[in-house]
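Reminder, nothing fancy here: chain letters follow the sequence lines and each chain counts from 1.
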Number of protein chains: 2
Amino acid sequence: MDPIDRKILGFLREDATRTYADMAAHLHLSPPALHDRVKKLKARGVIRRTTVDLDPEALDRSFCAFVHVETEGYAKDVLKDVAEADPAVEEMHGVAGSSSAILKVRTRDAAGLEELLRRLFETGAVRRTESFVVLRTYLERGISP
Amino acid sequence: MDPIDRKILGFLREDATRTYADMAAHLHLSPPALHDRVKKLKARGVIRRTTVDLDPEALDRSFCAFVHVETEGYAKDVLKDVAEADPAVEEMHGVAGSSSAILKVRTRDAAGLEELLRRLFETGAVRRTESFVVLRTYLERGISP
DNA sequence: GGTGAAAGATCCCGCAT
DNA sequence: ATGCGGGATCTTTCACC
């Protein structure tokens, strides 16, 4: 992981369709040398996968919220099952603090969120939830190398 | 946005390095027809960009937390400046509820989080913060088509 | 939306530093 | 161990039906 690798990761995060030849030129490297580095970064798991960023509005998921969940005892497993089964749930983190878990959720509208809350309570494992509805997203970039 | 487009988006989210020929075969389409659809999805902004998922540990960002920020009055702009300037901040959302904003943060360790909190308070715009340290991430997938 | 072909990128291998 | 040059192979991306 030298500075050149960092720059490569930066390039790929910005636009993973860039050609190796193009990036190599910017880094004063030959295309095969760059290709070699990328291959190693993938093999070492630094690069997990290449994917696409999608527009939530176009997919009918304009509504975004963070849901704090407090469970009865340790009930992460049942929580995870519900979260995983629902495509509206993008993230689930177990956290320290007053909540047991934080969910990041994207639904069509507020009714979609209520649907999810109903399913959460139906498990019997949830004591209470607190939802923070996103009014505006100011920043949403991934990890920066 | 027909069912075929949805499937294309699903394929690309899983692995954007798949060849058009491969995906086309799975969808009983010719490569150019598929290429055309992808081009249109990009032009319409449904596909925002192609990028890579990186391993936080490899980038020395093993520590993750959600920070709720309560400001003096409406101070989103100054908050955004601090958030944007700090590569540790991945997301910033203005929310309804007891907090004014939620930040998703990735740092090397707890000390890195405290650094950020110091910078936030130094703006003079922050009344209080509440940080939820992530103990374990159970789910972290992007949006699902 | 399909076909065929040209332009271009990937990604080997062998060699050198 | 890492980088370079050449070249085979495969993909993308035309123009045309």
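- Ring pair A/F11/A/H26 is perpendicular by interplanar angle, where above 60° counts as perpendicular and below 30° as parallel.
- For residues 41-50 of chain A, every residue pair satisfying the side-chain hydrogen bond (donor to acceptor under 3.5 Å, both in side chains) rule, not counting sequence neighbours, is listed here: A/R48-B/D55, A/R49-B/D53.
- Per the geometry, CG belonging to B/L27 stands 11 Å off P belonging to C/dG2, to the nearest Å.
- Across the protein-nucleic acid pair, A/R37 atom CZ and D/dG3 atom C1' stand 9 Å apart, rounded to whole Å.
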Can you name the atoms? Protein N/O to nucleotides 5-7 of chain C N/O, anything below 3.5 Å, with the distance.
none

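- Per the geometry, CG belonging to B/D36 stands 15 Å off P belonging to C/dT3, to the nearest Å.
- Qualifying side-chain hydrogen bond (donor to acceptor under 3.5 Å, both in side chains) partners for A/R119, counting only residues two or more places apart in sequence or in other chains: A/D86, A/E115.
- Checked against ring pair (Phe, Tyr, Trp, His ring centres under 6.0 Å), B/Y138 has no partners two or more places apart in sequence or in another chain.
- Considering only heavy atoms from C-beta on, B/R6 comes within 4.5 Å of B/M1 through its side chain.
- With respect to the salt-bridge test (charged N to carboxylate O, under 4.0 angstrom), the residues B/K104 and A/E91 qualify.
- Within the helix from C/dG1-D/dC17 to C/dT17-D/dA1, the inter-axis angle between the opening and closing five-pair segments is 40°, rounded to 10°.
- Scored by the side-chain hydrogen bond (donor to acceptor under 3.5 Å, both in side chains) test, A/T123 finds no partners at all (sequence neighbours excluded).
- Between A/I4 atom CD1 and D/dT2 atom C1' there is a gap of 10 Å when expressed in whole angstrom units.
- In this structure, the CZ atom of A/R44 is 9 Å from the P atom of D/dT2, given to the nearest Å.
- Here the side chain of A/T107 pairs a donor or acceptor atom with the backbone of A/D109 at under 3.5 angstrom.
- Atom CG in A/D2 sits about 13 Å away from atom C1' in D/dG3, given to the nearest Å.
- Listed by chain and number, the residues in a salt bridge (charged side-chain N to carboxylate O under 4.0 Å, His left out) with A/K7 amount to none (sequence neighbours excluded).
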For residues 59-73 of chain A, which side-chain donor-acceptor pairs fall under 3.5 Å, sequence neighbours excluded?
| from | atom 1 | to | atom 2 | distance (Å) |
| --- | --- | --- | --- | --- |
| A/D60 | OD1 | A/R108 | NH1 | 3.1 |
| A/D60 | OD2 | A/R108 | NH1 | 2.3 |
| A/R61 | NH1 | A/R106 | O | 3.2 |
| A/H68 | ND1 | A/S99 | OG | 3.1 |
| A/H68 | NE2 | B/H68 | NE2 | 3.2 |
| A/E70 | OE1 | A/R128 | NH1 | 3.4 |
| A/T71 | OG1 | A/G73 | O | 2.7 |
| A/T71 | OG1 | A/S100 | OG | 3.4 |

Report summary line: In 5'-to-3' order, the base (B), backbone-only (S) or no-contact (-) status of each nucleotide in nucleotides 5-17 of chain D, using a 4.0 angstrom heavy-atom cut-off, is BB----SSSB---
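- Taking the salt bridge (charged side-chain N to carboxylate O under 4.0 Å, His left out) definition, one finds that B/E14 meets it with nothing, sequence neighbours left out.
- Legend: residues meeting salt bridge (charged side-chain N to carboxylate O under 4.0 Å, His left out) with B/D36, ordered by chain and number and at least two apart, are B/K40.
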What protein N or O atoms touch nucleotides 14-17 of chain C N or O atoms at under 3.5 angstrom, if any, and at what distances?
none

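- Between the side chain of B/R141 and the backbone N or O of A/V89, at least one donor-acceptor pair lies under 3.5 Å.
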